[in-house]
Number of protein chains: 2
Amino acid sequence: MRPKTDLGALLSHQPLFRNLDADQLALMTAACHQVNIEKHQFVFHRGDPANGLYVVAVGSIKLAVPAANGQEKVIEFFGPGDAFGEAFMFLDKPYMVEAQALDDSLLIWIDKRDLDAAIDRDPSLAKRMLAGLSVRLHTLVKDIETVNLQNAMQRVVMYLLSQPREDGEMHFPFNKGIIASKLGLTPETLSRLLHQLTDAGLISVDGKRVLIPDVAALEHRMYAETARIS
Amino acid sequence: MRPKTDLGALLSHQPLFRNLDADQLALMTAACHQVNIEKHQFVFHRGDPANGLYVVAVGSIKLAVPAANGQEKVIEFFGPGDAFGEAFMFLDKPYMVEAQALDDSLLIWIDKRDLDAAIDRDPSLAKRMLAGLSVRLHTLVKDIETVNLQNAMQRVVMYLLSQPREDGEMHFPFNKGIIASKLGLTPETLSRLLHQLTDAGLISVDGKRVLIPDVAALEHRMYAETARIS
DNA sequence: CGGTACGGTTGACCGCGGTCAAGCAAATCA
DNA sequence: TGATTTGCTTGACCGCGGTCAACCGTACCG
């Protein structure tokens, strides 16, 4: 457990709590708890009660819905500054998803009641949370659109293009199996499609590193797929 | 356009604005606009600016994301008391979905700025909106889970069981094509699956009316499907 | 009335993507 | 260092669900 003194600085850098005045920051600091989570450990499981929300300080967290057969569908990834778990907290329902650390992570946990009080004192906090939830809704709708309206190849290409890249090179942030789940595919299919793109000379894969020599060509490939469907 | 006097009564019955005091209600009433939408008309299209939110007073609205080929994927249905469009309003982004009336409907429209002011005066309104967005997030996650982790038959059975029924009889609220889209299916497949359930003696279909003589048997059928997958 | 547009059903076909299994390379550990 | 596990790839196979087409009943309309 790190010393409590870190908390104020940590909080003030989170999008959710930016621009709080000193008083409010002190209040929130008192209400927050640091949670250290090792890689592969679960933050919470499906069915756990949701009494508060988490903010990622460092590390990365995977939100997924588990299936009966041990499979799982990754809903979203969270990195530093992201908040998660709010929706279930507001609903007063147990989590229907599970959260797992993809790296050693440091989280901030805030009790629902303390957050309620903070909102009463500062409506702008509520607005920021509304904005945050809206973003999440937006990405979920986009995901649904992606899964329903695009085929596997389109989804893969779109993912490759959506990731940050420098010098025409992008990195898979996690294992390919996890990426596959996020894309609604099996690892086998993802592997095959990447191989297909490699054969077409559009990318070259080396472990987690992917070289994209001609971004425009890759984009063109995706639109060609789209046209084929229409 | 109906007389303005209706607005106060309408608003005070919406979940979002319940428990407002007279002053606040008067303020909101002044900020609200009634919008009449005929069946098949669009409330907004993809790309329209989102300057406010809608609340359904009477009627029903379909939220869908349009595809290139004229297809569409239904995201959600909204009935009386439901609010929609908030997420895009808070994001200050144009709509990425379209809203269409499934019946002649009466909507209430509230300007973003007026709502902002109302939140500042009454944090409980913000909390109610947070709860509303949370519900939406919840159902979206559930949808993603359904589409990714369950096959077509399971989705159909689950839909049949999720709809309100009396005397072992349920009604399709809309055209089967629209239901099919919401379930991520083609109308053909939905038709076939319903026929299959009929052959199995689990349901009997007559137009929009579906008789479910033995609910438990139908539930059992769904779990059997689940087991087969695992 | 016949014409037609629409929603729904049915049949024939097929391709996408999942499943199962084997094999391989790198990481992890005794 | 060898043993074991984990991540990834590849091949063979196949079934679910989509596509395309024809057809049917009903509602709507001139």
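Here the structure is a predicted model, which is why all the values come from computation and not from measurement. Below, read A as the first sequence line, B as the second, and so on, with proteins coming before strands; counting in each chain starts at 1.
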**Members of residues 174-188 of chain B that approach DNA chain C, where some heavy atom sits under 4.0 Å away** =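 Heavy-atom cutoff 4.0 Å gives B/Asn175, B/Lys176, B/Gly177, B/Glu188.
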**Item:** Five-pair end axes of the helix from C/dC1-D/dG30 to C/dA30-D/dT1 and the angle they enclose, rounded to 10°
**Value:**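 The end-segment axes of the helix from C/dC1-D/dG30 to C/dA30-D/dT1 are tilted 30° relative to each other.
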Not counting sequence neighbours, which residues clear side chain to side chain donor-acceptor pair (under 3.5 Å) with [X]? List them please.
X        : result
A/Glu98  : none
A/Thr189 : A/Thr186
A/Arg209 : A/Glu169, A/Asp206

Spacing between [X] atom [atom1] and [N] atom [atom2], to the nearest angstrom:
X        : N      : atom1 : atom2 : result
B/Met153 : D/dG17 : CE    : P     : 9 Å
A/Asp206 : D/dG7  : CG    : C1'   : 15 Å
B/Gln154 : D/dG15 : CD    : C1'   : 15 Å
A/Leu193 : C/dG17 : CG    : P     : 7 Å
A/Leu190 : C/dT19 : CG    : P     : 15 Å
A/His40  : D/dT5  : NE2   : P     : 16 Å
B/Leu194 : C/dG7  : CG    : C1'   : 14 Å
B/Leu197 : C/dT9  : CG    : C1'   : 16 Å

**Asked** Using 30° and 60° as the class limits, which term best fits the ring planes of A/Phe84 and A/Phe78: parallel, tilted or perpendicular?
**Response**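 It falls in the parallel class, under 30°.
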Can you sort out the partners of [X] under salt bridge (Lys or Arg N to Asp or Glu O under 4.0 Å), two or more places apart, ordered by chain and number?
X        : result
A/Lys182 : A/Asp143
A/Asp167 : none
B/Lys176 : none

**Prompt:** Among pairs that include at least one residue of residues 173-210 of chain B, which meet ring pair (Phe, Tyr, Trp, His ring centres under 6.0 Å), considering only residues two or more places apart or in two chains?
**Reply:**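 Pairs touching residues 173-210 of chain B that pass the test: B/Phe77-B/Phe174.
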Heavy atoms from C-beta onward define the side chain here; which of [options] lies closest to that of [X]?
X        : options                : answer
B/Thr189 : D/dG17, C/dA12, D/dA12 : D/dG17
B/Ser191 : C/dT10, D/dG17, C/dT19 : C/dT10
A/Arg192 : D/dG17, C/dG17, D/dG11 : D/dG11

Output side-chain donor-acceptor pairs under 3.5 Å for residues 86-94 of chain B, partner residues at least two apart or in another chain, one line each.
{"from": "B/Glu86", "atom 1": "OE1", "to": "B/Arg136", "atom 2": "NH1", "distance (Å)": "2.9"}
{"from": "B/Glu86", "atom 1": "OE2", "to": "B/Arg136", "atom 2": "NH1", "distance (Å)": "3.0"}

**Request:** Tell me, please, which residues at least two apart from B/Pro173 pass side chain to side chain contact (heavy atoms under 4.5 Å, CB included).
**Result:**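 For B/Pro173, the residues satisfying side chain to side chain contact (heavy atoms under 4.5 Å, CB included) (neighbours in sequence not counted) are B/Tyr159, B/Gln163, B/Ile179.
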**Prompt:** Can you tell me if NE2 on A/His171 sees more than 12 non-hydrogen neighbours from other groups inside 6.0 Å?
**Reply:**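 Yes, the 6.0 Å shell around NE2 holds more than 12 heavy atoms from other groups.
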**Message:** One character per nucleotide, please: for nucleotides 24-30 of chain C, 5' to 3', B when the base has a protein heavy atom closer than 4.0 Å, S when only the sugar-phosphate does, - otherwise.
**Reply:** -------
**Request:** Look at the side-chain N and O atoms of B/His195 and state whether any lies under 4.0 Å from the OP1 or OP2 oxygen of C/dT10.
**Result:**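 So the side-chain polar atoms of B/His195 do come within 4.0 Å of the phosphate oxygens OP1 or OP2 of C/dT10, strictly under.
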**Prompt:** Is the shortest side-chain N to carboxylate O distance from B/Glu72 to B/Lys62 below 4.0 Å?
**Reply:**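 Yes.
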